[in-house]
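Working notes, beginning with the structure itself.
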Amino acid sequence: AATALGQLSNIMGDLTSSKYPAFSDALVRLGNDGASTESQIADVATRIGAMGSIMGFTTPEILAWASTIASTGQNAEAAGTAISNTMSDIEQAVAGGGDKLAAFAKVAGMSAEEFASAWESTPSKAMEAFIKGLNGVEENGGSATATLADLGITASRQVQAIEGLMQTVDGLDSNLQMSNDAW
């Protein structure tokens, strides 16, 4: 935990020494209440922290996402890297606009403008809408794998990580609440 705290404090603007107790409290709460350990959460958080920070995620959001990802049981290094790549894919689509942005937005149940605005102001919520939208694709008889392929996401580890996250994303809201409460 100390290593993760040190690494994350180097990249997260809101993780100052005065927030170390809040970080620890959030980490322990998530570990105690979830299907992952504090160590697993910290491992994933260090994998997604840099990209998440660049995108505008807060430290409590990074911890909540890390807990949700870790609860899939996937290898922290592989899943964390894959989710960071997904954040990058979304960022590129938002920055580039056009058909790629429209495709991500459609999955998230938003217009391209709404999705771009959400990604710029509340990236955690935009990403959650995208993951939940993939669940909606499946529920309506479609294929999340095919949808991801249409978006250019075909790397097996990335697809596996996203589809694992689809199975646990319903717990993300409570993880976000717990993490923010501790913060």
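What you are looking at is a predicted structure, and each value in this text was computed from that prediction instead of being measured.
Legend: residues meeting side chain to side chain donor-acceptor pair (under 3.5 Å) with Asp89, ordered by chain and number and at least two apart, are Gln158. Scanning for side-chain contact (heavy atoms from CB on, under 4.5 Å) contacts around Gln74 gives Thr72, Ala79, Gln160, Ala161, with sequence neighbours left out. Glu114 pairs by the side-chain contact (heavy atoms from CB on, under 4.5 Å) definition with Met110, Ser111, not counting sequence neighbours. Residues satisfying the side chain to side chain donor-acceptor pair (under 3.5 Å) test with Ser18, not counting sequence neighbours, are Thr16. Every residue two or more places apart in sequence or in another chain that forms a side-chain contact (heavy atoms from CB on, under 4.5 Å) with Ala35 is listed here: Ser71. The side-chain contact (heavy atoms from CB on, under 4.5 Å) search around Ser117 returns none, not counting sequence neighbours.
Judged purely by atom type and a 3.5 angstrom limit, Ser67 has no side-chain atom pairing as donor or acceptor with the backbone of Leu63. At least one donor-acceptor pair under 3.5 Å links the side chain of Thr86 to the backbone N or O of Ala82.
The nearest pair of heavy atoms linking Asp14 to Lys19 is O-CG, 3.6 Å. Nearest heavy atom pair, residue Ala76 against residue Asp43, reads CB-CB, 3.7 Å.
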Under 3.5 Å, which donor-acceptor pairs link side chains of residues 47-54 to any protein atom two or more places apart or in another chain?
| unit_1 | atom_1 | unit_2 | atom_2 | d |
| --- | --- | --- | --- | --- |
| Ser53 | OG | Ile11 | O | 2.8 |

In a table with atom names and distances, give each donor-acceptor pair under 3.5 Å that connects a side chain of residues 144-154 to protein atoms at least two apart or in another chain.
| unit_1 | atom_1 | unit_2 | atom_2 | d |
| --- | --- | --- | --- | --- |
| Thr145 | OG1 | Glu163 | OE2 | 2.4 |
| Thr147 | OG1 | Ser143 | O | 2.9 |

Side-chain polar contacts of residues 20-30 - donor-acceptor pairs under 3.5 angstrom, sequence neighbours left out - could you list them?
| unit_1 | atom_1 | unit_2 | atom_2 | d |
| --- | --- | --- | --- | --- |
| Ser24 | OG | Tyr20 | O | 3.1 |
| Asp25 | OD1 | Arg29 | NE | 3.3 |
| Asp25 | OD2 | Arg29 | NE | 3.4 |
| Asp25 | OD2 | Arg29 | NH2 | 3.0 |

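For residues 133-142, the set of pairs meeting the side-chain hydrogen bond (donor to acceptor under 3.5 Å, both in side chains) definition, not counting sequence neighbours, is empty. Annotation: ring-ring contact (aromatic ring centres under 6.0 Å, His included) contacts involving residues 67-121, sequence neighbours excluded, comprise Phe104-Phe130. The stretch residues 171-183 participates, sequence neighbours left out, in these side-chain hydrogen bond (donor to acceptor under 3.5 Å, both in side chains) pairs: Thr68-Asn175, Lys132-Asp173, Gln177-Asp181.
Just one of Val169, Leu165, Ile162 meets the side-chain contact (heavy atoms from CB on, under 4.5 Å) condition when paired with Leu134; it is Ile162.
A 6.0 Å sphere centred on CG of Asp99 holds no more than 12 heavy atoms belonging to other residues, nucleotides or ligands.
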